[in-house]
Each structure stands twice: as structure tokens, then as C-alpha cells.
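Heads up, the thing below is written out as C-alpha cells.
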Number of protein chains: 2
Amino acid sequence: MPQKNMAANKDKTIRRILDGATKVFAEAGYSGASVDEIAKAANVNKATIYYHVGDKEALYVRVLHEVIGQTAAGIAARMNNSMTPAEKLATYISGIAQTVENYPPLPPVMMRAVESGGQILSPEVAADLMMIFGILLEILEQGAREGVFIKANPFIIYLMIIGAVAFHRNVEANWDQKPELAMLFKQMDPDFYTKLEGSFSISVANEVTRLLLRALEKQGPQKD
Amino acid sequence: MPQKNMAANKDKTIRRILDGATKVFAEAGYSGASVDEIAKAANVNKATIYYHVGDKEALYVRVLHEVIGQTAAGIAARMNNSMTPAEKLATYISGIAQTVENYPPLPPVMMRAVESGGQILSPEVAADLMMIFGILLEILEQGAREGVFIKANPFIIYLMIIGAVAFHRNVEANWDQKPELAMLFKQMDPDFYTKLEGSFSISVANEVTRLLLRALEKQGPQKD
DNA sequence: AAATAGTTTAACTACATGGTTAGATAACTT
DNA sequence: AAGTTATCTAACCATGTAGTTAAACTATTT
């Protein structure tokens with residue numbers, strides 16, 4: 001099966017490698033993932049990985065950069081300068097949720113990135129993370145400047161958002177294997193889990209947004 | 001140096017093993033931790049671990065059970081039935097923060113536990129996690145019943161708390177190695193990071209509590 | 001003191017894993 | 001078509017790791 005040209009083939013190979021690596025890293029973490037397993041998942045000889053990308057750490061950094069970079073880009077794309085801070089916050093949260101939805105391996109990878117606190121992280125990845133965080137920072141600052149948001153620690157808000165969205169997606173992904181756990185959660189908040197239109201992630205995003213807006217807005221909705 | 005008796009010596013050995021294992025698991029995760037390393041950290045021969053505790057997974061489960069169980073117990077101990085839901089929530093959050101403060105390896109271990117979504121978890125550990133969550137559930141239900149809290153998804157609240165407290169502790173722990181990151185955060189919210197009395201974790205807990213109470217209380221503090 | 005049971009250790013095994021190499025194959029150039 | 005370069009592969013190597021074993025050592029019992 002001859003290809004158009006070498007470059008295209010190369011790109012396809014690298015694509016396969018990165019996809020396989022993302023999947024395996026997401027499932028098993030950095031140490032838990034083996035290069036052999038990644039090679040198998042990518043349908044590629046192991047040496048090809050070393051030829052195209054480099055060693056395991058280089059591969060990991062590349063995956064992180066791609067995954068987190070996509071998230072940052074996705075959020076930025078949805079944002080609009082004419083929005084109010086509240087609208088922007090809603091967009092921000094649902095943007096993260098949406099990316100998580102489209103890109104299931106993201107949460108564990110992202111969590112490990114934050115978790116390591118900059119240990120394994122390359123400057124590129126750190127920049128990606130800072131970009132995601134920076135968007136939120138601006139929203140909160142604008143809100144405070146305009147007098148619609150109270151002052152609050154932005155990093156804590158950030159962690160609350162990531163924690164809720166990423167963890168929830170992750171726990172939810174394991175519901176198949178723990179049906180009794182799923183049942184329990186659904187009993188706890190039937191409204192939430194039964195009449196969800198669209199996806200879980202979106203519902204989670206909506207709930208997180210509702211709560212954070214109540215927390216941040218100077219005159220929030222009083223009755224509920 | 002002769003010991004009182006064998007039983008005491010045995011307990012001390014197991015104690016050393018569990019402490020060493022907790023530390024190494026926290027730093028490196030399950031796959032990243034090697035039994036040799038744990039043995040070294042515990043000043044114990046590797047075979048002694050297998051003799052007293054069992055294989056790597058048994059050791060991990062035991063560590064998880066101990067760490068998470070301590071958290072649950074610590075929170076429960078601080079709680080008091082005569083408290084209002086708001087007071088209970090504050091106690092709950094600061095209880096988690098306090099345990100995290102006293103027990104630094106907790107966040108990464110706990111995160112991996114939640115993260116794995118019940119995959120590696122033993123029934124015992126699952127029960128511990130459910131106990132911690134159950135306390136929050138009761139608080140929220142009481143608040144809703146008494147009409148002081150709005151209805152909200154308890155699991156999401158839970159994830160927001162854990163996310164903020166655990167992540168923050170973790171990132172903060174790496175500030176030594178990334179001083180520019182620490183500087184950045186401190187610039188972002190100077191009030192928060194400079195005039196903190198006591199510890200970071202307590203300050204974080206206070207901020208999380210403030211935000212969540214604003215989010216949950218039907219008539220929260222209007223002006224701020 | 002001898003015997004016994006509980007505890008610890010050094011040495012070892014089997015295997016998985018990260019990484020390499022030399023050669024094959026396919027693509028591009030002339 | 002021949003030669004050159006980029007891409008890929010099977011086989012291999014060195015090391016690290018989970019787990020075992022048999023023997024040494026220590027406390028307890030008789």
C-alpha cells in the first residue's frame with residue numbers, strides 16, 4: 001500500500017504513536033505505562049517510537065503538551081470579549097468540560113501534571129497550564145474590577161473547577177465496573193443524574209458554574 | 001539492645017514498614033514505588049515486608065486503609081451534633097485540611113484512590129472513602145432539610161473540596177523546587193499568602209469554606 | 001540448657017522494561 | 001535503474017523489580 005509521500009506517512013506514524021501513548025499514559029500513568037505497551041497500542045515497532053519521538057520522558061512531555069495545549073486552545077476559542085464576567089466563567093467551565101468530554105484521557109493526564117507540581121513538567125507544558133489558568137485569572141480580575149465579583153483566591157477557584165470536572169469524569173468512567181457505586185450516586189441526586197440532557201460533563205459543568213457564580217457574585221440569586 | 005517482647009518488636013517493625021511505604025507510595029505512586037525502595041526507607045529487609053504484610057498490592061491497600069481511615073476518624077472526632085450545618089461544613093473542610101497538614105502523604109495517595117475510581121481499591125478502602133463522603137452528605141442534607149442550604153449535588157461539592165485542599169497542598173509542597181511559581185501565586189493574591197496565620201492548609205480551608213458557604217447558604221453575606 | 005517458635009537476613013530467580021543496533025524495506029533523487 | 005536517504009523492524013542487551021528461599025538469629029517455652 002504505497003503512500004502519497006514520506007512526510008505524510010511519517011505524520012501518520014507519529015500520530016499513531018501519540019494517540020497510543022496518550023491512551024496508555026492516561027490509563028496507567030507515567031510509571032505504569034510501558035513503552036512496549038504503547039508500541040502495541042500504536043501498532044508500531046518500539047524502536048520507531050525512539051526514532052521519531054525519543055525516550056519515554058520525551059514522549060510523555062509531548063503527550064502532555066498536546067493534550068493540555070488543546071484544552072487551552074479550546075477554551076480560548078469559545079471565549080468572547082463582549083461577554084460579562086459571569087458569562088465568561090460559564091464558558092470557561094463548560095469549555096474545560098467539553099474538552100474533557102471529547103478527550104477522555106485528559107483528566108488523569110492533567111491531574112498527574114498538576115499533581116507533580118512542575119516536577120516532570122517541561123517549560124512548554126508549564127506554559128500550557130499557565131495559559132489555562134491565566135484565562136481564569138483574567139475573568140476573575142475583570143469581575144472584581146467591574147464590581148460584580150467578590151475578591152477570591154483564583155488558584156483555589158481553579159482547583160475547585162479542575163477537581164470537580166476532572167474527578168467526576170474519572171469516577172464516572174469507572175461506573176461500568178462498579179454499578180453499585182453508580183446506583184448510589186444516582187440515588188443521591190436523582191434529578192441531576194436522570195434528567196441530564198447531553199452529557200454528564202456538561203451537567204457537571206452547569207452545576208459547578210451555578211455554585212461558583214453564587215459564591216462569587218456580589219448579588220447572587222437569593223432564592224432557590 | 002533487647003526488646004520487651006516479640007510482639008512489641010513485631011509491631012515496631014510493621015510500623016516502620018507502613019511509614020516507609022506511605023512515604024514512598026506518596027512520592028512515587030503505586031507503579032513508581034519499588035518494594036526495594038520501601039524496604040530501604042523502612043530500614044527493613046525486603047523479605048520482612050513479605051513476611052509481615054504480604055505482596056506489594058496488600059501493602060498498598062493497607063497504607064490506603066490506614067491513611068484514609070485516619071482522615072475519616074479525624075473528621076468525625078471534630079464534629080459535634082449541636083453545630084449548625086454551616087459550622088459543620090467549616091469543621092468538615094478544616095478537618096480534611098488539618099489531616100492533610102499533619103499527614104503530608106495523604107493528598108497524592110487519596111487522589112490516586114479517587115482517581116482509580118475503585119479499580120485497585122479494596123472494600124475496606126472503599127468503605128473509608130464512603131465514610132468521609134457520607135459525613136458531608138449528612139451535613140448537606142441537614143442544611144437542605146432545615147432550609148438554610150440550597151439543594152446541590154453533594155458529590156460535586158465533595159470533589160471541589162478535595163480538589164482544592166489536596167491539590168493545593170501538593171502544588172505548595174513543590175514550591176521549594178519552583179520558586180518562580182511560588183512567587184507568581186503570591187503576587188496573585190498577596191493578602192492570602194502573606195498574612196496567613198498558622199498554615200497554608202488552614203488558610204486554604206478557610207477560603208474554601210467561605211466560598212462554599214456563599215454558594216450554599218440561602219441568604220449568604222450579601223456585601224463583601 | 002535444649003528445644004521450639006517467631007523473626008530477620010543475604011542471596012537468588014524469573015521476568016518485565018527502557019533503550020539500542022544492525023539490517024531490511026520503502027520512498028525519493030539523479 | 002542505481003544510488004541514496006528516510007523509515008521501520010526483529011532481535012538483542014543491561015538493568016531493575018516483584019517475589020522466594022534457606023539459613024541465621026532471637027525470643028520464648030520446657
Side-chain angles (χ1 to χ4, degrees), chain A residues 1-64 109 112 116 119-120 122, chain B residues 1-64 109 112 116 119-120 122:
Chain A
M1 57 292 279
Q3 227 63 39
K4 277 271 172 61
N5 54 40
M6 280 175 102
N9 225 331
K10 176 181 174 175
D11 289 350
K12 273 190 186 171
T13 304
I14 294 180
R15 186 71 264 133
R16 281 217 308 279
I17 292 173
L18 292 180
D19 287 345
T22 304
K23 195 181 155 212
V24 176
F25 277 133
E27 279 166 5
Y30 181 76
S31 329
S34 81
V35 180
D36 288 278
E37 207 184 339
I38 291 172
K40 214 169 67 184
N43 258 319
V44 148
N45 187 284
K46 180 164 62 158
T48 307
I49 294 176
Y50 287 86
Y51 175 71
H52 278 300
V53 181
D55 67 5
K56 193 184 176 185
E57 192 179 322
L59 183 57
Y60 186 61
V61 165
R62 187 128 169 202
V63 166
L64 278 185
V109 168
R112 270 178 237 266
S116 64
Q119 201 73 0
I120 307 177
S122 71
Chain B
M1 57 293 276
Q3 226 65 39
K4 275 273 172 58
N5 54 39
M6 278 175 104
N9 225 332
K10 176 180 174 176
D11 288 349
K12 272 191 187 172
T13 303
I14 293 179
R15 186 71 267 134
R16 280 217 309 279
I17 292 173
L18 291 179
D19 288 344
T22 305
K23 193 181 156 211
V24 175
F25 277 133
E27 278 166 6
Y30 180 76
S31 330
S34 82
V35 179
D36 287 278
E37 208 182 338
I38 291 171
K40 216 169 65 185
N43 258 318
V44 148
N45 187 285
K46 180 163 63 158
T48 306
I49 295 176
Y50 285 87
Y51 175 72
H52 279 299
V53 181
D55 67 5
K56 192 184 176 184
E57 192 179 322
L59 183 56
Y60 186 61
V61 165
R62 187 128 169 203
V63 167
L64 278 185
V109 168
R112 270 177 236 267
S116 64
Q119 201 73 359
I120 306 177
S122 71

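Given the structure is predicted, the values throughout are model-derived calculations rather than measurements. Any value given below was found using the heavy atoms of this structure, including those in side chains, with hydrogens, waters and symmetry copies removed. Chain A is the first sequence line, chain B the second, and so forth, proteins listed ahead of strands; every chain is numbered from 1.
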Please give, in whole Å, the distance from [N] [atom2] to [X] [atom1]?
| X | N | atom1 | atom2 | result |
| --- | --- | --- | --- | --- |
| B:Lys40 | C:dT9 | NZ | P | 16 Å |
| A:Tyr51 | D:dT5 | OH | P | 13 Å |
| B:Lys10 | C:dA5 | NZ | P | 16 Å |
| B:Phe25 | D:dA18 | CZ | P | 9 Å |
| B:Ile49 | D:dT17 | CD1 | P | 13 Å |
| B:Asn9 | D:dT28 | CG | P | 9 Å |

Determine whether a donor-acceptor pair (N or O, by modelled atom type, separation under 3.5 Å) exists between the side chain of B:Arg16 and the backbone of B:Val44.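 No, the answer is negative, given that no donor and acceptor are paired below the 3.5 Å cut-off.
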Ignoring backbone atoms, establish whether B:Thr13 has a side-chain N or O less than 4.0 Å from OP1 or OP2 of C:dT7. no
If you compare every side-chain N and O of B:His52 against the phosphate oxygens of C:dT8 (OP1, OP2), does one of them come in below 4.0 Å? yes
Taking side-chain contact (heavy atoms from CB on, under 4.5 Å) as the test, write out the residues that go with B:Lys46, two or more places apart. B:Val35, B:Asp36, B:Ala39, B:Tyr50
Under a 4.5 Å cut-off applied to non-hydrogen side-chain atoms, are A:Thr48 and A:Asn45 in contact? yes
Applying salt bridge (Lys or Arg N to Asp or Glu O under 4.0 Å) to A:Asp11 and not counting sequence neighbours gives none
As a quick check of understanding, evaluate salt bridge (Lys or Arg N to Asp or Glu O under 4.0 Å) for A:Asp19 and A:Arg15, giving each step before the final call. CA-CA 6 Å; A:Asp19 287 345; A:Arg15 186 71 264 133; 3.1 Å; yes
The contact string for nucleotides 12-23 of chain C, one letter per nucleotide 5' to 3', using protein heavy atoms under 4.0 Å with B, S and - for base, sugar-phosphate only and none, comes out as -----SBBBB--
Would you call the rings of B:Tyr60 and B:Phe25 parallel, tilted or perpendicular if under 30° counts as parallel and over 60° as perpendicular? perpendicular
